[in-house]
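Have a look at the structure below, then the notes.
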Amino acid sequence: MASTATHTVPHHVAIVMDGNGRWATRRYLPRVAGHKKGVDALRACVRHCGNRGIKVLTVFAFSSENWNRPADEVSGLMDLLGVALAREIPALKAEGVRVHFVGDRSKLSEKVRAGLAAAEASTASNSRLIFNICFNYGGRWDIAQAAARLAAEGKPIDEQSLDACLGLSHVPDPDLLIRTGGERRLSNFLLWQSAYAELYFSDKLWPEFDDAALDAAIADYAQRERRFGKTSEQLVRPVPKVA
Ligand code: IPE
Ligand code: IPE
Ligand code: MG
């Protein structure tokens, strides 16, 4: 869906929460300890987004490729998702946050799937902040599943119809895409939807990405000129059409 942002505060912020493992390793802790700390950072981030007037937050929590990690880290992440859901959902519900999960649920256990559905159902009437958690998500998976759905229904495949079948069809495209942890790549996140997102890279590891760091990203975004293919002059003063 096309972006609607016209303000200095982005309407939709997307985050690749990277750096949990390094945060833990530097402290001689197991990687899963970094992911636990990452949940704390995410809790604070959701709250701060709401307070700053951001309307949609989309985070990358587990990629299609993260299955390739050591088995104990993968199972640790699955367990952490279950624990975090049980612990965090009541507060999110009270704070007006609506939770959506985006990704391929078919490979998740029955128990995890039930947890996701319950979290979505219990926050479904909220609207202060839409919080999308991309779990077992990949941008290529998203585009392929949308195309497959249209093909199965015998519908034409064009930009609009494909967009409507993507995992984030319920929200406008991200305005600001942040990646923490120092890497400058998308790692298969929101490939279609980031077409015109402003990119912001932070060297902070995700567990260290605090309110001030998010404010710095928002301030940086406010300085950007979003041209969407037009010229600067057109944005300042629309060029009159030549008859
Ligand atoms: C991101 O942190 C979280 C997930 C991928 C689940 P990492 O675990 O990738 O942390 P680094 O990049 O190894 O430090
Ligand atoms: C991207 O981080 C995925 C998530 C943050 C969930 P990765 O750590 O998996 O990305 P790469 O492997 O460094 O590209
Ligand atoms: Mg990483």
Side-chain angles (χ1 to χ4, degrees), residues 12-46 49 56-85 87-88 99-109 112-113 115-116 119 131-145 166-168 171 174 176-194 197-210 213-214 217:
H12 182 175
V13 173
I15 309 182
V16 180
M17 308 182 291
D18 195 24
N20 294 345
R22 277 164 284 166
W23 184 91
T25 305
R26 283 177 197 175
R27 287 161 180 77
Y28 306 100
L29 295 169
R31 292 179 59 87
V32 170
H35 298 312
K36 281 191 187 138
K37 199 73 185 168
V39 174
D40 295 342
L42 181 54
R43 183 190 308 112
C45 180
V46 172
C49 282
V56 184
L57 172 66
T58 301
V59 298
F60 205 6
F62 190 88
S63 77
S64 314
E65 291 75 26
N66 287 148
W67 292 107
N68 297 321
R69 293 193 175 197
D72 62 336
E73 183 170 350
V74 172
S75 65
L77 282 163
M78 295 297 153
D79 291 347
L80 187 57
L81 175 66
V83 170
L85 281 179
R87 196 187 297 153
E88 309 293 338
V99 178
H100 288 270
F101 284 92
V102 182
D104 183 359
R105 299 187 195 202
S106 68
K107 289 193 192 73
L108 304 177
S109 73
V112 169
R113 272 190 277 170
L116 306 190
F131 179 31
N132 302 306
I133 302 170
C134 295
F135 198 92
N136 194 19
Y137 174 87
R140 289 178 177 176
W141 165 83
D142 200 6
I143 295 166
Q145 67 80 27
L166 293 171
L168 288 182
V171 290
L176 171 62
L177 190 152
I178 298 169
R179 180 170 185 144
T180 64
E183 314 293 357
R184 276 128 175 94
R185 54 179 174 254
L186 290 178
S187 300
N188 202 11
F189 189 46
L190 304 181
L191 298 182
W192 174 283
Q193 298 89 340
S194 334
E198 295 297 326
L199 307 180
Y200 181 88
F201 298 103
S202 168
D203 289 332
K204 280 187 188 292
L205 303 176
W206 173 248
E208 298 163 343
F209 194 80
D210 55 10
L214 181 61

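Both ligands and their constituent atoms are indexed starting at 1 by order of listing.
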- Message: I need the atoms of ligand 2 closer than 4.0 Å to a non-hydrogen atom of Arg185, numbered in the order shown.
- Response: 11 (P), 13 (O), 14 (O)

- Can you say whether the rings of Tyr137 and Phe189 are parallel (under 30°), tilted (30 to 60°) or perpendicular (over 60°)? perpendicular

- Message: Quick check: closest heavy atoms across Asn188 and Glu65, and the distance to 0.1 Å?
- Response: ND2-OE2, 3.1 Å

- Note: Val39 and Ala84 closest approach over all heavy atoms is CG1-CB, 4.2 Å

- Task: Below 4.0 Å from any atom of ligand 1, which residues have a heavy atom? Give them in chain and number order, please.
- Result: Met17, Asp18, Gly19, Asn20, Gly21, Arg22, Arg31, His35, Ala61, Asn66, Arg69, Glu73, Leu77

- Query: Atom CD in Glu183, atom CG in Asp18: separation rounded to 0.5 Å?
  - Reply: 6.0 Å

- Item | Pair Asn20-His35, side-chain donor/acceptor within less than 3.5 Å | yes

- Message: For Val99 versus Ala119, what's the shortest heavy-atom pair and its separation?
- Response: CB-O, 4.4 Å

- Query: Ser194 side chain to Ala197 main-chain N or O, any donor-acceptor pair under 3.5 Å?
  - Reply: no

- Assess the side chains of Arg179 and Ser187: does a donor N or O sit below 3.5 Å from an acceptor N or O? yes

- Item | Atom pair CG (Leu166) and CG (Leu190), whose distance is rounded to the nearest 0.5 Å | 10.0 Å

- Message: Can you tell me how far apart SG (Cys45) and CG (Leu214) are? Round to the nearest 0.5 Å.
- Response: 5.0 Å

- Item | the Mg ion (ligand 3): protein N, O or S atoms that are less than 2.8 Å away, sorted by chain | Asp18 OD1

